[in-house]
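Atom set for the values below is all heavy atoms of this structure, side chains included, hydrogens, waters and symmetry mates excluded. Note that the structure is a prediction, hence the values are computed from the model and not measured.
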Amino acid sequence: MNRAKMRTTALAAVAVLAGSALAACGSGSTAGGGTGGGGDLENAKVAFLMPDLASTRYELQDRPLFEARMKQLCPSCEVIYQNADSDAAKQQQQANSALAQGVKAIVIDPVDSAAAATIVKTAQSQQVPIIAYDRPIPATPADYYISFDNEKIGQMIAQSLVDHLKAENAEGGILQVNGSPTDAAAGLIKKGIHSAVDPSGFKLLAEYDTPDWQPEKAQTWVSGQITQFKDQIVGVVAANDGTGGGAIAAFKAAGGDVPPVTGNDAEVAAAQRIIAGDQYNTISKPIKIVAEAAANVAWDFMQGKKPAGKATLYDTPSELFVPTVVTKENIKEVLFESGIMKAADVCTGEYAAGCDELGIK
């Protein structure tokens with residue numbers, strides 16, 4: 001994991017940040033290679049390059065929300081959307097193609113945070129600003145970074161699990177299912193998880209870096225740990241909902257009880273698992289906040305402005321939003337009463353009874 005020095009500033013509550021994300025970002029002098037276009041922005045283009053299809057959020061949430069906000073800011077602008085499907089070389093080609101099409105800015109969630117340094121250098125050499133999205137690019141500073149605080153996410157999901165296990169007087173050890181080893185954000189989540197698990201008093205039985213965040217690979221690894229550790233496993237800290245779902249599937253396939261399992265992303269499937277009692281927690285980080293903030297920052301750069309960061313991460317001006325842990329106790333309030341999810345989309349089939357018990361309508 002990159003050990004570049006990280007400097008953070010105090011973060012406001014998510015509700016306040018959500019409001020600020022909708023406003024145009026302030027301007028100021030910051031470091032960065034790209035300066036944006038300015039001038040005539042009629043029919044200008046901006047690239048939105050996402051990393052994979054393993055997480056459903058990119059197609060269902062990030063893309064439409066970013067496109068909608070850009071439409072508000074610049075009705076004539078065109079968003080060039082591409083998904084690299086976990087292929088770093090493909091993402092490089094997509095970035096090159098976007099530059100060849102004359103984009104004024106690139107928003108990128110990198111497949112491989114190290115490999116993406118080449119994309120940053122190429123874009124900045126052409127005076128095209130790069131906004132790192134969700135995952136940082138440590139080796140070569142982008143012009144801006146927008147994300148939820150990933151280290152905080154890891155700490156929050158793990159501490160939530162540890163507190164629950166202590167309240168239940170659990171005795172045994174924990175499995176840790178991390179994200180992709182090529183994803184710098186996964187490294188930050190992993191660091192945050194360790195900050196809660198290591199001093200918890202629960203033994204870390206084993207941990208695994210899941211290639212490309214693939215749920216199937218997480219499931220296969222957890223299956224092996226079940227064979228090895230059996231009833232010693234009292235909890236699983238999984239870095240996102242996909243790997244958490246893979247862990248849960250492994251326990252169900254083994255025919256035993258499913259211990260508390262964490263998640264992150266608040267996917268619909270995760271909400272259903274929490275309602276059913278199969279998953280212990282997830283993280284609500286409303287994609288609308290970061291997608292619209294990314295559009296605001298891209299639009300500033302496209303106009304020739306340099307928005308100032310509210311924090312600094314990997315020498316990159318950044319805005320890092322604070323998420324919320326979701327469990328069965330607060331899922332109704334956080335995900336449904338807030339309007340993030342609709343009961344009609346979640347409370348289907350076998351999950352209807354659980355929704356009724358929690359008053360989710």
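Of the listed residues (T316, I146, L188), just one forms a side-chain contact (heavy atoms from CB on, under 4.5 Å) with P136, and that residue is L188.
For the pair R57 and D52, the salt-bridge criterion is not met [side-chain N within less than 4.0 Å of a carboxylate O]. Residues D265 and K285 are paired through a salt bridge, judged by an N-O separation under 4.0 Å between the basic side chain and the carboxylate. Contact check on D356 versus K361 returns no salt bridge, with no Lys/Arg side-chain nitrogen under 4.0 Å from an Asp/Glu carboxylate oxygen. With respect to E67 and R63, a salt bridge is recorded, a charged nitrogen being found less than 4.0 Å from a carboxylate O.
Side-chain contact between I360 and V346 is absent, with no heavy-atom pair separated by less than 4.5 Å. Under the 4.5 Å side-chain criterion, counting only non-hydrogen atoms from C-beta, I108 is in contact with I130.
Formation of a donor-acceptor pair under 3.5 Å by the Y145 side chain with backbone atoms of D134 is found in this model. Using modelled atom types, no side-chain atom of T122 and backbone atom of I119 make a donor-acceptor pair closer than 3.5 Å. A distance-only check finds no donor-acceptor pair linking the side chain of T327 to the backbone of Y280 [under 3.5 Å]. Under a 3.5 Å cut-off, the side chain of Q91 and the backbone N or O of V111 do form a donor-acceptor pair. Between the S147 side chain and the D149 main chain, no donor and acceptor come within less than 3.5 Å of each other. With N83 contributing its side chain and Y58 its backbone, the two residues share no donor-acceptor pair below 3.5 Å. One N or O on the side chain of T220 and one on the backbone of E216 form a donor-acceptor pair closer than 3.5 Å. Within the 3.5 Å criterion, the main-chain N or O of A266 finds a donor-acceptor partner in the side chain of D241. Side-chain N or O atoms of S338 include one that pairs as donor or acceptor with a backbone N or O of V334 at under 3.5 Å. For R135 (side chain) and P110 (main-chain N/O), a donor-acceptor pair under 3.5 Å exists by modelled atom type.
For the residue pair M70 and C77, the shortest heavy atom distance occurs at CE-CB, 4.5 Å. A pairwise comparison of heavy atoms in Q155 and A196 identifies O-CB, 3.9 Å as the closest pair. Heavy-atom minimum distance, A105 versus A298: CB-O, 4.3 Å. Here the closest heavy-atom approach between residue T282 and residue I274 is recorded as CG2-CD1, 3.7 Å. Across all their heavy atoms, I340 and S284 have their closest contact at CD1-OG, 3.6 Å. Of all the heavy atoms in D112 and A88, the pair that sits closest is CB-CB, 3.9 Å.
The local environment of CG in D231 is sparse, with at most 12 non-hydrogen atoms from other residues, nucleotides or ligands closer than 6.0 Å. By the 6.0 Å contact criterion, NZ on K342 is open, its count of non-hydrogen atoms from other residues, nucleotides or ligands being 12 or less.
Residues that satisfy the side chain to side chain donor-acceptor pair (under 3.5 Å) test with T140, not counting sequence neighbours, are absent from this structure. Checked against side chain to side chain contact (heavy atoms under 4.5 Å, CB included), E168 has the following partners two or more places apart in sequence or in another chain: H164. Under the rule for a side chain to side chain contact (heavy atoms under 4.5 Å, CB included), the partners of E333 that lie at least two apart in sequence or sit in another chain are E337. Under the rule for a salt bridge (charged side-chain N to carboxylate O under 4.0 Å, His left out), E267 has no partner lying at least two apart in sequence or in another chain. When the side chain to side chain contact (heavy atoms under 4.5 Å, CB included) test is applied to D163, the partners found at least two apart in sequence or on another chain are Q159.
Taking the six-membered ring where tryptophan is involved, the planes of Y208 and W221 are essentially parallel, since the angle between them stays under 30° and well short of 60°.
Side-chain atoms of W213 and D183 include a donor-acceptor pair closer than 3.5 Å. In this structure, a donor-acceptor pair under 3.5 Å is present between the side chains of E207 and H194. For N178 and Q176, the side-chain atoms include at least one donor-acceptor pair closer than 3.5 Å. A donor atom on one side chain and an acceptor atom on the other are found under 3.5 Å apart for N96 and Q92.
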key: From CA spacing to verdict: side chain to side chain donor-acceptor pair (under 3.5 Å), N43, E78   = CA-CA 6 Å; N43 301 316; E78 177 186 352; over 6 Å; no

key: Test log, rule side chain to side chain donor-acceptor pair (under 3.5 Å), inputs Y81 and E59   = CA-CA 10 Å; Y81 172 76; E59 301 293 319; 2.5 Å; yes

key: Stepwise side chain to side chain donor-acceptor pair (under 3.5 Å) test for Q101 and S97   = CA-CA 6 Å; Q101 294 178 65; S97 174; 3.1 Å; yes

inquiry  = What verdict does the side chain to side chain donor-acceptor pair (under 3.5 Å) test give for N281 and Q279, after you've listed the backbone C-alpha separation in whole Å, the side-chain angles of each residue and the deciding distance to 0.1 Å?
reply    = CA-CA 6 Å; N281 71 21; Q279 183 167 323; 5.6 Å; no

task = Walk me through it: do K306 and D143 pass the test salt bridge (charged side-chain N to carboxylate O under 4.0 Å, His left out)?
result = CA-CA 8 Å; K306 284 192 173 183; D143 294 278; 5.9 Å; no

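Under the 4.5 Å side-chain contact rule for hydrophobic residues, V234 and V237 share a cluster.
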Under 3.5 Å, which donor-acceptor pairs link side chains of residues 248-259 to any protein atom two or more places apart or in another chain?
residue, atom, partner, partner atom, Å
K252, NZ, D278, OD2, 2.8

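Interatomic distance, CZ of F66 versus CD1 of I287, reported as 14.0 Å (0.5 Å rounding). Between the CG atom of L99 and the NZ atom of K45 there is a distance of 12.0 Å, given to the nearest 0.5 Å. Distance check: L161 CG to K166 NZ gives 11.0 Å after rounding to the nearest 0.5 Å. Annotation: the span from I233 atom CD1 to Q225 atom CD amounts to 7.0 Å, rounded to 0.5 Å.
For Y133 and F48, the distance between ring centers is under 6.0 angstrom.
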